[in-house]
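Here the structure is a predicted model, which means the values were calculated and not measured. Below, each value reflects all heavy atoms present in this structure, side chains not excepted, and no hydrogens, waters or symmetry copies. Ligands are counted one by one from 1 in listed order, and the atoms in each one are counted from 1 as well. Index from 1, following the sequence.
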Amino acid sequence: MTDGQSETIPPRTVRVALGERSYDILVGPDLLAGAGTAIAKRLPGIRVAVVTDENVAATQLPSLISALEAAGIDATAVTVPAGERSKRFDRLQAVCDAVIAARLERGDAVVALGGGVVGDLAGFAAAIVRRGMRFVQVPTSLLAQVDSSVGGKTGINAEAGKNLVGAFHQPDLVLADTTVLDTLPEREFRAGYAEVAKYGLIDRPDFFAWLEANWQAIFAGGPERIEAIATSCAAKADVVAADERESGRRALLNLGHTFGHALEAATGYDGARLVHGEAVAIGMTLAHRFSAKMNLASPDDADRMEHHLRTVGLPTRLGDIPGTLPPADVLMDAIAQDKKVRRGALTFILTHGIGQAFVADDVAADPVRRFLEENHPS
Ligand SMILES: NC(=O)c1ccc[n+]([C@@H]2O[C@H](COP(=O)([O-])OP(=O)(O)OC[C@H]3O[C@@H](n4cnc5c(N)ncnc54)[C@H](O)[C@@H]3O)[C@@H](O)[C@H]2O)c1
Ligand SMILES: O=C(O)C(=O)C[C@@H](O)[C@H](O)[C@H](O)COP(=O)(O)O
Ligand SMILES: [Zn+2]
């Protein structure tokens, strides 16, 4: 603070380098107030539909609408119920119908204001209405700021599995306003932290060690929070720029997800029992334990990462999920629907240790089934 005026912290900019589809991710406090100007600068003359959920509509939507109006951008709001179960066909249809009813053109934009659910749903609508509209992500959960708003994966769930229907559709801009995280429930912040830790576990061991030392400051909202978000975005931007459509290295971002997605499907996408970040925390721990069991990594690394995730309050075991889990065979059915399956063979992201994840093609199903049976709570 100087002379009674509040200090303005300039946003950090992370570029996602994808040729003509390149875009910036802006990370910093109080970005919502300038969102209209930032959007108008990149997409002059557009009209928008702001897709959000009922929680975010109550806390953040009025600020965004005011900012858009101040920049002369005509905006229609579309609100869906909060939670994973909004990633389904009838909600997608409602969003598409609302965008069409507002007579938005192909050159206009869908703006996703919310967590990963809103981002994935609204992004898919932007990908398919008029065969592809402009798209802006305004992520409001930690998970969305560090992961789902970046990289262009959009989609909805099927009963048989997560994100089984979707499209790659990159945003034109990502505005990650770190101030909006002040209204995010603690459980959701923790869940998002699992995806932050993921980047360290994949290939940034120094970042993982930094997280072990700084997680409390990140949770408390100090400058370390912005640092963690910007580092996560930079890590994801690197991978996406190298392999936009997941023909190789991008699969590393799926660490913990083969198990995690199966658990989300097996619990009926019931957020009261399990949200995505929690499923990823359990899935990453299982991936480390399975790697140790296959003699690919030391069990000490699995102990270390599990200790950290438990310290921040995340679940790490199948038995941590409330209610009854279906048997291992049913979990294996969901795993068989994973999008990384090639000619029937399973692909897992396994590890040689902290920061040494790798893509393991052709993983035999039987050892995975036995491992799930051994770790099953019943
Ligand atoms: N496309 C990708 O690359 C990608 C990456 C990771 C995850 N995902 C997807 O993202 C989804 C999970 O995202 P999520 O964890 O953000 O869940 P979410 O979108 O359900 O948001 C979590 C909860 O927090 C609330 N919320 C969000 N921001 C808030 C705020 N600022 N204040 C108050 N409440 C707020 C929401 O209403 C919701 O209840 C999953 O569907 C997952 O599959 C996609
Ligand atoms: O961006 C990616 O690539 C990821 O894998 C990020 C994941 O955190 C995210 O949950 C993603 O939606 C999973 O993708 P999917 O292709 O397995 O559905
Ligand atoms: Zn994820």
Side-chain angles (χ1 to χ4, degrees), residues 16 32 51-61 63-64 79-88 112-124 137-158 161-171 176-196 198-199 202 232 235-237 239-240 243-246 249-258 260-262 264-265 269 271-272 274-281 283-284 337-341 347 349:
V16 184
L32 225 49
V51 182
T52 191
D53 74 26
E54 54 204 2
N55 295 334
V56 182
T59 53
Q60 312 297 344
L61 182 63
S63 312
L64 180 60
T79 304
V80 298
E84 188 67 34
R85 286 178 175 161
S86 274
K87 276 176 60 172
R88 64 182 204 216
L113 174 72
V117 165
V118 163
D120 283 11
L121 178 69
F124 192 25
Q137 287 267 21
V138 186
T140 63
S141 68
L142 178 64
L143 186 142
Q145 296 195 350
V146 300
D147 192 347
S148 62
S149 62
V150 177
K153 278 189 179 178
T154 73
I156 56 173
N157 302 322
K162 279 273 297 189
N163 305 335
L164 290 185
V165 181
F168 285 96
H169 190 63
Q170 298 292 342
D177 179 345
T178 53
T179 308
V180 307
L181 298 177
D182 293 347
T183 59
L184 187 69
E186 176 131 0
R187 178 182 173 202
E188 298 295 349
F189 191 90
R190 267 202 300 273
Y193 184 85
E195 303 269 26
V196 176
K198 179 182 78 175
Y199 297 111
I202 290 172
S232 299
K236 182 155 184 181
V239 177
V240 169
D243 178 21
E244 183 182 4
R245 289 191 169 231
E246 199 173 290
R249 183 178 158 199
R250 182 164 182 171
L252 290 171
L253 297 176
N254 241 238
L255 175 64
H257 285 64
T258 317
H261 280 171
E264 288 186 80
Y269 308 114
L274 190 69
V275 295
H276 177 74
E278 293 167 344
V280 170
M284 291 194 300
Q337 288 282 9
D338 183 65
K339 291 180 290 308
K340 300 185 299 303
V341 169
T347 296
I349 313 310

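- Atoms of ligand 1 lying under 4.0 Å from at least one heavy atom of E195, given by number and element, are 6 (C).
- Any N or O atom pair closer than 3.5 Å counts here, and K236 shares at least one such pair with ligand 2.
- The proximity of K198 to ligand 2, defined as any non-hydrogen pair under 4.0 Å, is limited to the side chain.
- Residue V56 approaches ligand 1 through these ligand atoms, each under 4.0 Å from one of its heavy atoms: 26 (N), 27 (C), 28 (N), 29 (C), 35 (C).
- Taking 4.0 Å as the cut-off, H276 counts as a neighbour of ligand 2 on heavy-atom distance.
- Heavy atoms of V275 come nearer than 4.0 angstrom to ligand 1 in no pair at all.
- With a 4.0 Å heavy-atom cut-off, ligand 1 is reached by the side chain of H276 but not by its N, CA, C or O.
- Contacts of S141 with ligand 1, taken as heavy-atom pairs under 4.0 Å, involve both backbone and side chain.
- When non-hydrogen atoms are compared, ligand 1 lies under 4.0 Å from neither the backbone nor the side chain of N157.
- Atom 6 (C) of ligand 2 has D147 OD1, 3.5 Å as its closest protein atom, hydrogens excluded (heavy atom only).
- Under 4.0 angstrom from ligand 1, there are no non-hydrogen atoms of P139.
- Atom 14 (P) of ligand 1 has G116 N, 3.5 Å as its closest protein atom, hydrogens excluded (heavy atom only).
- The shortest contact between atom 29 (C) of ligand 1 and any protein heavy atom is with L184 CD1, 3.5 Å.
- Every atom of ligand 1 is numbered from 1 in the order shown, and the set under 4.0 Å from a heavy atom of A82 is 37 (O), 39 (O).
- Between T183 and ligand 1, at least one pair of N/O atoms sits closer than 3.5 Å.
- At least one heavy atom of K236 lies less than 4.0 angstrom from ligand 1.
- Residue contacts with ligand 1, taken as heavy atom pairs separated by less than 4.0 Å, involve L143 solely via side-chain atoms from C-beta onward.
- Looking from atom 34 (N) of ligand 1 to the surrounding protein, the closest heavy atom is P185 CD, 3.8 Å.
- Within the 3.5 Å criterion, the main-chain N or O of T140 finds no donor-acceptor partner in the side chain of Q60.
- With a 4.0 Å cut-off on non-hydrogen atoms, L253 touches ligand 2 through its backbone as well as its side chain.
- For ligand 1, the atoms closer than 4.0 angstrom to any heavy atom of N55 are 36 (C), 37 (O), 39 (O).
- Not a single heavy atom of E54 sits less than 4.0 Å from an atom of ligand 1.
- Near K87, meaning under 4.0 Å from one of its heavy atoms, ligand 1 places the atoms 9 (C), 40 (C), 41 (O), 42 (C), 43 (O).
- Note on H257: its N/O/S atom closest to the Zn ion (ligand 3) is NE2.
- Nearest protein heavy-atom contact of atom 12 (O) of ligand 2 is N163 ND2, 3.3 Å.
- The protein heavy-atom contact nearest to atom 16 (O) of ligand 2 is K153 NZ, 2.8 Å.
- Among all non-hydrogen protein atoms, the one lying nearest atom 20 (O) of ligand 1 is V117 CG2, 3.4 Å.
- Side-chain N or O atoms of K162 include none that pairs as donor or acceptor with a backbone N or O of H261 at under 3.5 Å.
- When hydrogens are left out, the protein atom nearest atom 37 (O) of ligand 1 is D53 OD2, 2.6 Å; that is the closest non-hydrogen contact.
- The contact set between ligand 1 and E84, taken as ligand atoms under 4.0 Å from a residue heavy atom, comprises 40 (C), 41 (O).
- The distance from ligand 1 to the heavy atoms of E188 drops below 4.0 Å at these ligand atoms: 22 (C), 23 (C), 24 (O).
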Next on the checklist: Using salt bridge (charged side-chain N to carboxylate O under 4.0 Å, His left out), reason through K339 and E246 one step at a time and then give a plain yes or no.
Outcome noted: CA-CA 10 Å; K339 291 180 290 308; E246 199 173 290; over 6 Å; no

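- Between the OE2 atom of E195 and the NE2 atom of H276, the angle taken at the Zn ion (ligand 3) works out to 90° after rounding to 10°.
- Between V180 and ligand 1, at least one pair of N/O atoms sits closer than 3.5 Å.
- Heavy-atom proximity to K162, at under 4.0 Å, picks out these atoms of ligand 1: 40 (C), 41 (O), 42 (C), 43 (O).
- Taking atom 13 (C) of ligand 2 as the reference point, the nearest protein heavy-atom neighbour is N254 ND2, 3.6 Å.
- Of the protein's heavy atoms, G115 CA, 4.1 Å lies nearest to atom 21 (O) of ligand 1.
- Ion pair K87/D120 flagged as a salt bridge, since at least one NZ, NE, NH1 or NH2 atom sits closer than 4.0 Å to an Asp/Glu carboxylate oxygen.
- Protein heavy atom nearest atom 9 (C) of ligand 2, with residue, atom name and distance: H257 NE2, 3.7 Å.
- Exactly one of V138, L184, T178 qualifies for a side chain to side chain contact (heavy atoms under 4.5 Å, CB included) with Q145. That residue is T178.
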